[in-house]
*Asks:* 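Below you'll find the structure I mean.
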Amino acid sequence: DFSEMAQTGSGDNVKILALFDRADGYNTDHDDWQDTRRFLVTEPPPSGLPMEPTAANGESIGEANMGDPQTLVDFVQWGQTFFPADQYALIIWDHGNALRNITGPIEAIASDETSNGDSLTMVELSSALATITNDGANPISLLGLDASLMGTIEVDNQLLPYAEIRIGSEEIQPDDGWDYDAIISDLGPSMLARDLSELIVDTYYAAYASNVQSSVDLGDPYTTLNAAVDDFANALIQGSITHLASIETARAATQEFNNPDFVDLYDFAHQVSLEVNDVGIDTTAAAVKTAVDGAVIYEQHGSAWAGAHGISIYFPELAENYNDLYAGNQGLLTFTANNKWDEWLDVFYGAVPIIPLGSGKYDDTHEAWTYNGTWLDYPGPDSYDGTLKYSTSTGNYGEIEFTGTQVILSYTAHLSRGKMDIYVDGNKVDTLDQYSSTLQWQKTWTSADLGSGSHTIKLVHASGGIGGFVDIDSIEVVGPDT
């Protein structure tokens, strides 16, 4: 890579800087120096050879750990101090990974073999960029990740708001990396970061036509994308009761990469729209596809990756491959801290029960109900769906969570019935007396307006009634489903 950069080198208005760390045992050329050196890659003389990374051509900073975020901060600040510019492109390379080792760090780059394999995690990269850019007040114009498997929505969210454009691949990259000779030879001082990003994608694709590369706008289009994915995840959660099998089929058909735990985000939304017939899911899937198109500036992919569109997302097909560090409550990833995607994965893997989030009518036997104590089934001929559950002991309760603004309880009134305490979101709101001298099927109790959002209703067999039984027939949730 250094030799490729040196074919053109720096000019009057474009400066090429490199921080170079070598490991013992790979190569003894260029004076066989073993520390860390920074270089201004100069333009070849008219009749001479391109610059080589010899010890004399570089400035030693001792043995630096390339996996230490402070090393990156020091290098960039050195460059900005001695070579100030209107636009900055920061490229980081060496090995990358995307949650490949489920016991290791969450996504990393720049593994340093002379520092016990320490890598720059995306959390550390985010911290370094915050320092470099004054918390995003002066963002890097272009951030390139010349490493494998870095074109993910999780990585991109760690770069916000510290970079304006990200370049990276959803796939494993060849060892030779980017074609720096072709990039720098066409790089001019008037070139915009967006144009440079397209040049990098094109030169990469020209060098490796069987691979994948993309440039992405990390500005407002990415804000739209994050919101669209959040809505999509919420719709998947709501629709999973009915459509889980179809969603599993869509996941199996989605474009994967060398690490099969990551899939192309656009393609998953597309496969879902093909497999699932649900207005809420299909609408949000379409919005994700539109948002990906809006965020991706430019992408190229070989024929082996027909479903690649520039941004991948973490979605292991099997629960045993899921990395618990991914969850938002771990405090590691900006994406899952602010998005329901990890909550959707919990539902997909069965880590949390699938619940009837959204409007609709649900029978007493629905799997979302939680019953405490002994509740017996009764085949009521005129009850909803022909069944109801009844309790004979005080303290027994049934509980269900829902998303909506109001809930309607259906029960059977009879002279054998007693009283039921009704709690909504932990607060007792009423005591329902189910006693009646005449039999009345599907009698209803309606809550007050609860406000839009997620709620829980708990129905407790209370004391003090004339009869000794209480029952639950059905529950109806009234929208909107937000």
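Predicted model only: the values in this text are computed from it and were never measured. If you read the sequence from its start, that first residue is 1, and numbering goes on from there.
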*Asks:* I'd like to know if the side chain of Glu401 pairs up with that of Ser454 as donor and acceptor (distance under 3.5 Å, no hydrogens or angles considered).
*Replies:*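 Side chains of Glu401 and Ser454: pair found under 3.5 Å.
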
*Asks:* State, with a plain yes or no, whether a side-chain heavy atom of Lys15 is found less than 4.5 Å away from one of Ser10.
*Replies:*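 Sidechains of Ser10 and Lys15: in contact.
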
*Asks:* Take a 6.0 Å sphere around CG of Asn134 and say whether it holds more than 12 heavy atoms from other residues, nucleotides or ligands.
*Replies:*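 Result for CG/Asn134: enclosed.
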
*Asks:* List for me each residue that meets ring-ring contact (aromatic ring centres under 6.0 Å, His included) alongside Tyr162, sequence neighbours excluded, and say none if there are none.
*Replies:*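 For Tyr162, no residue satisfies ring-ring contact (aromatic ring centres under 6.0 Å, His included) once neighbours in sequence are set aside.
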
*Asks:* Evaluate the side-chain proximity of Tyr180 to Thr8: yes if any heavy-atom separation is below 4.5 Å, no if none is.
*Replies:*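 Answer no - side chains too far apart.
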
*Asks:* Going from OG1 on Thr152 to CZ on Phe335, what distance comes out if it is rounded to the nearest 0.5 angstrom?
*Replies:*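 Output value for this atom pair is 9.0 Å.
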
*Asks:* Counting C-beta onward and ignoring hydrogens, is there a side-chain heavy-atom pair between Asn226 and Thr223 closer than 4.5 Å?
*Replies:*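 No, too far: nothing below the 4.5 Å cut-off.
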
*Asks:* Are Gln173 and Gln213 packed together at the side-chain level, in the sense that at least one heavy-atom pair is separated by less than 4.5 angstrom?
*Replies:*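 Gln173 reaches Gln213 side chain to side chain.
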
*Asks:* Stepwise, does the side chain to side chain contact (heavy atoms under 4.5 Å, CB included) test hold for Thr403 with Val477?
*Replies:* CA-CA 8 Å; Thr403 298; Val477 177; over 6 Å; no

*Asks:* Glu170 and Ala308: which non-hydrogen atoms are nearest, and at how many Å?
*Replies:*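 Closest heavy-atom pair between Glu170 and Ala308: OE2-CB, 3.7 Å.
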
*Asks:* Can you measure from CD (Glu124) to CG (Leu129) and round to the nearest 0.5 angstrom?
*Replies:*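 It is 12.0 Å, given to the nearest 0.5 Å.
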
*Asks:* Could you check whether any side-chain heavy atom of Trp78 comes within less than 4.5 Å of a side-chain heavy atom of Phe83, counting everything from C-beta outward?
*Replies:*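 Result yes, sub-4.5 Å side-chain heavy-atom pair found.
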
*Asks:* Nearest 0.5 Å, what's the CD1-CD distance between Ile237 and Glu343?
*Replies:*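 Answer for the CD1-CD pair, Ile237 versus Glu343, is 5.5 Å.
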
*Asks:* Restricting to non-hydrogen atoms, name the atom on Val296 and the atom on Gly310 that form the minimum distance, rounded to 0.1 Å.
*Replies:*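 Of all heavy-atom pairs spanning Val296 and Gly310, the closest is CG2-CA, 4.3 Å.
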
*Asks:* CG/Asp181 to CD1/Ile184 distance, rounded to the nearest 0.5 angstrom?
*Replies:*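 Taking CG in Asp181 and CD1 in Ile184, the distance rounds to 8.0 Å.
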
*Asks:* Taking atom CG as the centre, does Asp12 end up with more than 12 heavy-atom neighbours from other residues, nucleotides or ligands that are less than 6.0 angstrom away?
*Replies:*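 Atom CG in Asp12 is not packed in, count stays at 12 or less.
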
*Asks:* Would you find a donor on one side and an acceptor on the other, under 3.5 Å apart, between the side chain of Thr283 and the backbone of Gly280?
*Replies:*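 No; zero donor-acceptor contacts below 3.5 Å.
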
*Asks:* Starting at CD of Glu59, measure out to CZ of Phe39 and round the result to the nearest 0.5 Å.
*Replies:*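 Between Glu59 CD and Phe39 CZ, I get 10.0 Å after rounding to 0.5 Å.
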
*Asks:* Heavy-atom count around Asp31 CG within 6.0 Å, excluding the residue itself: above 12?
*Replies:*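 Result for CG/Asp31: enclosed.
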
*Asks:* Before you tell me yes or no, could you show the steps for Ser169 and Asn211 under side chain to side chain contact (heavy atoms under 4.5 Å, CB included), namely the whole-Å CA-CA distance, both residues' side-chain angles and the distance that decides it to 0.1 Å?
*Replies:* CA-CA 8 Å; Ser169 177; Asn211 212 279; 3.7 Å; yes

*Asks:* How about CG on Leu318, more than 12 heavy atoms from neighbouring residues, nucleotides or ligands closer than 6.0 Å, or not?
*Replies:*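 Correct, the count exceeds 12.
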
*Asks:* For the residue pair Ile91 and Leu142, establish whether any side-chain heavy-atom pair is separated by less than 4.5 Å.
*Replies:*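 Yes; the side chains approach each other to less than 4.5 Å.
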
*Asks:* So do Tyr322 and Asp342 actually touch side chain to side chain, heavy atoms under 4.5 Å?
*Replies:*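 The answer is yes; the side chains approach within 4.5 Å.
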
*Asks:* Output, in order, the C-alpha distance, side-chain angles, deciding distance and verdict of side chain to side chain contact (heavy atoms under 4.5 Å, CB included) for Ile165 and Val216.
*Replies:* CA-CA 6 Å; Ile165 293 173; Val216 171; over 6 Å; no

*Asks:* Please assess Glu256 against Arg251 for the test salt bridge (Lys or Arg N to Asp or Glu O under 4.0 Å), listing each intermediate value before the final yes or no.
*Replies:* CA-CA 9 Å; Glu256 295 179 343; Arg251 167 59 183 86; 3.0 Å; yes

*Asks:* Would the Phe20 and Trp33 ring centres measure less than 6.0 Å apart?
*Replies:*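 Yes, ring centres under 6.0 Å apart.
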
*Asks:* Would you say the side chains of Glu171 and Trp305 form a donor-acceptor pair under 3.5 Å?
*Replies:*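 Yes, Trp305 and Glu171 have a side-chain donor paired with an acceptor closer than 3.5 Å.
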
*Asks:* Will you find, in the side chains of Asn65 and Thr71, an N or O donor that is under 3.5 Å from an N or O acceptor?
*Replies:*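 No, no side-chain donor-acceptor contact under 3.5 Å.
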
*Asks:* Would you say the side-chain atoms of Glu317 and Asn321 include a donor-acceptor pair closer than 3.5 Å?
*Replies:*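 No pair is found: no donor N or O on one side chain lies under 3.5 Å from an acceptor on the other.
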
*Asks:* Stepwise, does the salt bridge (Lys or Arg N to Asp or Glu O under 4.0 Å) test hold for Asp217 with Arg194?
*Replies:* CA-CA 9 Å; Asp217 188 334; Arg194 196 178 188 92; 3.7 Å; yes

*Asks:* To the nearest 0.5 Å, tell me how far Trp93 CH2 sits from Met150 CE.
*Replies:*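 Answer rounded to 0.5 Å: 15.0 Å.
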
*Asks:* Check side chain to side chain donor-acceptor pair (under 3.5 Å) between Asp230 and all other residues, then give those that pass, not counting sequence neighbours.
*Replies:*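 Applying side chain to side chain donor-acceptor pair (under 3.5 Å) to Asp230 gives Lys340.
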
*Asks:* Minimum heavy-atom separation for Thr334 to Asn338, with atom names?
*Replies:*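 So the minimum-distance heavy-atom pair works out to O-ND2, 2.9 Å.
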
*Asks:* Please evaluate residues Asp202 and Tyr298 with respect to the criterion side-chain hydrogen bond (donor to acceptor under 3.5 Å, both in side chains), reporting the C-alpha separation (whole Å), side-chain torsions for both, the decisive distance (0.1 Å), and the verdict.
*Replies:* CA-CA 9 Å; Asp202 275 338; Tyr298 188 55; 2.6 Å; yes

*Asks:* How close do Pro221 and Gly294 get, counting heavy atoms only, and between which atoms?
*Replies:*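 Looking at all heavy atoms of both residues, the shortest contact is CB-O, 3.5 Å.
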
*Asks:* Assess the residue pair Val272 and Leu274 against the criterion (side chain to side chain contact (heavy atoms under 4.5 Å, CB included)); give the C-alpha distance rounded to whole Å, side-chain angles, the decisive distance to 0.1 Å, and a yes or no.
*Replies:* CA-CA 5 Å; Val272 166; Leu274 295 178; over 6 Å; no

*Asks:* Quick check on ring pair (Phe, Tyr, Trp, His ring centres under 6.0 Å): which of Phe315, Tyr314, Phe257, Phe268 does Phe262 satisfy it with?
*Replies:*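 Per the ring pair (Phe, Tyr, Trp, His ring centres under 6.0 Å) rule, the option paired with Phe262 is Tyr314, out of Phe315, Tyr314, Phe257, Phe268.
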
*Asks:* Tell me, do Asn234 and Asp231 make a side-chain contact under 4.5 Å, heavy atoms counted?
*Replies:*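 Counting from C-beta outward, Asn234 and Asp231 never come under 4.5 Å.
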
*Asks:* Test of understanding: with side chain to side chain donor-acceptor pair (under 3.5 Å), list the residues that count as partners of Gln330, not counting sequence neighbours.
*Replies:*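 None.
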
*Asks:* Would you please say whether a donor-acceptor pair under 3.5 Å links the side chains of Asp156 and Tyr222?
*Replies:*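 The criterion, which ignores hydrogens and geometry beyond distance, is satisfied for Tyr222 and Asp156.
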
*Asks:* Specify whether His270 and Tyr266 have parallel, tilted or perpendicular ring planes, treating 30° as the upper limit for parallel and 60° as the lower limit for perpendicular.
*Replies:*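 Judged by the thresholds at 30° and 60°, the geometry between His270 and Tyr266 is parallel.
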
*Asks:* Any idea which heavy atoms bring Asp267 and Gly307 closest together, and the distance?
*Replies:*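 Where Asp267 meets Gly307 most closely, the heavy atoms are CB-O, 3.3 Å.
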
*Asks:* Shortest non-hydrogen contact from Leu125 to Leu159?
*Replies:*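 Heavy-atom minimum between the residues: CD2-CD2, 3.7 Å.
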
